[in-house]
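Report on the structure given below.
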Amino acid sequence: MQEPTFLILVSLADGPKHGYGITREVAELSEGTVTLRAGTLYGALDRLVEQGLITVDRQEVVDGRLRRYYQLTDTGAGRLAERARRLRKHAEAAESRLLRRPNVAFGFTPTALGASA
């Protein structure tokens, strides 16, 4: 699962959102490192609907335009939870190994990684 897909699912974990809301939340979650353009977003949303990871919650017309809200399915929540567990495991392995390096390498120190000095 690629980072944008992961972040789209994370953005829907706490409730339904429309496309612009998903885009804003992904930007916030990624601290601006992931920017979803409309074509990329809606292509990903269509793919996630096809995979059964999200579904269309409702549609409404706002200012003459159709606004579609998406929500995470139980299958999507399970896939997101599994991916989060794997990412956490990999991050813990990376931090553990970085802590074994000399403290001067790459600026990593136990304090920078959240460990007590």
Side-chain angles (χ1 to χ4, degrees):
M1 179 182 302
Q2 300 213 357
E3 184 178 21
T5 301
F6 176 79
L7 293 172
I8 289 169
L9 295 178
V10 171
S11 77
L12 294 171
D14 62 354
K17 290 181 185 61
H18 55 76
Y20 182 67
I22 294 168
T23 298
R24 281 193 339 229
E25 189 147 348
V26 165
E28 182 181 313
L29 288 165
S30 70
E31 298 178 335
T33 61
V34 175
T35 304
L36 297 173
R37 299 197 189 285
T40 303
L41 172 66
Y42 290 104
L45 292 173
D46 288 344
R47 183 176 39 80
L48 292 169
V49 167
E50 287 176 14
Q51 293 173 351
L53 302 181
I54 65 172
T55 188
V56 176
D57 177 61
R58 68 186 184 279
Q59 301 181 105
E60 61 187 27
V61 177
V62 177
D63 297 328
R65 296 183 66 178
L66 183 64
R67 181 178 285 175
R68 186 173 289 157
Y69 288 78
Y70 297 88
Q71 70 179 8
L72 191 64
T73 64
D74 290 343
T75 300
R79 184 85 52 86
L80 176 60
E82 175 57 31
R83 183 65 175 154
R85 278 190 292 274
R86 286 196 339 239
L87 288 171
R88 186 177 310 108
K89 180 181 174 184
H90 295 171
E92 288 170 356
E95 288 177 348
S96 172
R97 290 171 187 208
L98 285 168
L99 286 171
R100 289 184 272 181
R101 292 183 60 85
N103 289 340
V104 296
F106 302 107
F108 291 112
T109 64
T111 305
L113 292 172
S116 54

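These numbers come from the heavy atoms of this one structure, side chains and all, not from hydrogens, waters or symmetry mates.
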query: So do Arg86 and Lys89 actually touch side chain to side chain, heavy atoms under 4.5 Å?
result: no
- prompt: Around atom CD of Glu31, are there more than 12 heavy atoms of other residues, nucleotides or ligands at under 6.0 Å?
  reply: no
message: So Met1 and Leu9, do their side chains get closer than 4.5 Å, heavy atoms only?
response: yes
Pairwise side-chain contact, Leu48 with Tyr70, heavy-atom cut-off 4.5 Å (strictly under): no
message: Is it the case that over 12 heavy atoms from other parts of the model lie below 6.0 angstrom from the CG atom of Asp14?
response: yes
Sole candidate of Thr73, Leu7, Leu72, Leu80 that passes side chain to side chain contact (heavy atoms under 4.5 Å, CB included) when paired with Leu12: Leu72
For residues 32-40, please give each side-chain donor-acceptor pair under 3.5 Å, one per line with the distance, not counting sequence neighbours.
{"unit_1": "Thr33", "atom_1": "OG1", "unit_2": "Ser30", "atom_2": "O", "d": "2.8"}

- request: To the nearest 0.5 Å, tell me how far Lys17 NZ sits from Leu45 CG.
  value: 12.0 Å
message: Is it the case that the side chain of Ser11 and the backbone of Ile8 share a donor-acceptor pair, with hydrogens and angles ignored and the cut-off at 3.5 Å?
response: yes
task: Step through the shown structure and confirm whether more than 12 heavy atoms of other residues, nucleotides or ligands are within 6.0 Å of CD on Gln2.
output: no
query: Do you know the tightest heavy-atom contact between Phe6 and Ala84?
result: CE1-N, 4.1 Å
Using distance only, find each side-chain donor-acceptor pair of residues 18-29 under 3.5 Å and give its atom names and separation, not counting sequence neighbours.
{"unit_1": "His18", "atom_1": "ND1", "unit_2": "Tyr20", "atom_2": "N", "d": "3.3"}
{"unit_1": "His18", "atom_1": "ND1", "unit_2": "Gly21", "atom_2": "N", "d": "3.2"}
{"unit_1": "Thr23", "atom_1": "OG1", "unit_2": "Gly19", "atom_2": "O", "d": "3.1"}

Which atom pairs, donor and acceptor, lie under 3.5 Å between side-chain atoms of residues 50-58 and protein residues at least two apart or in another chain?
none

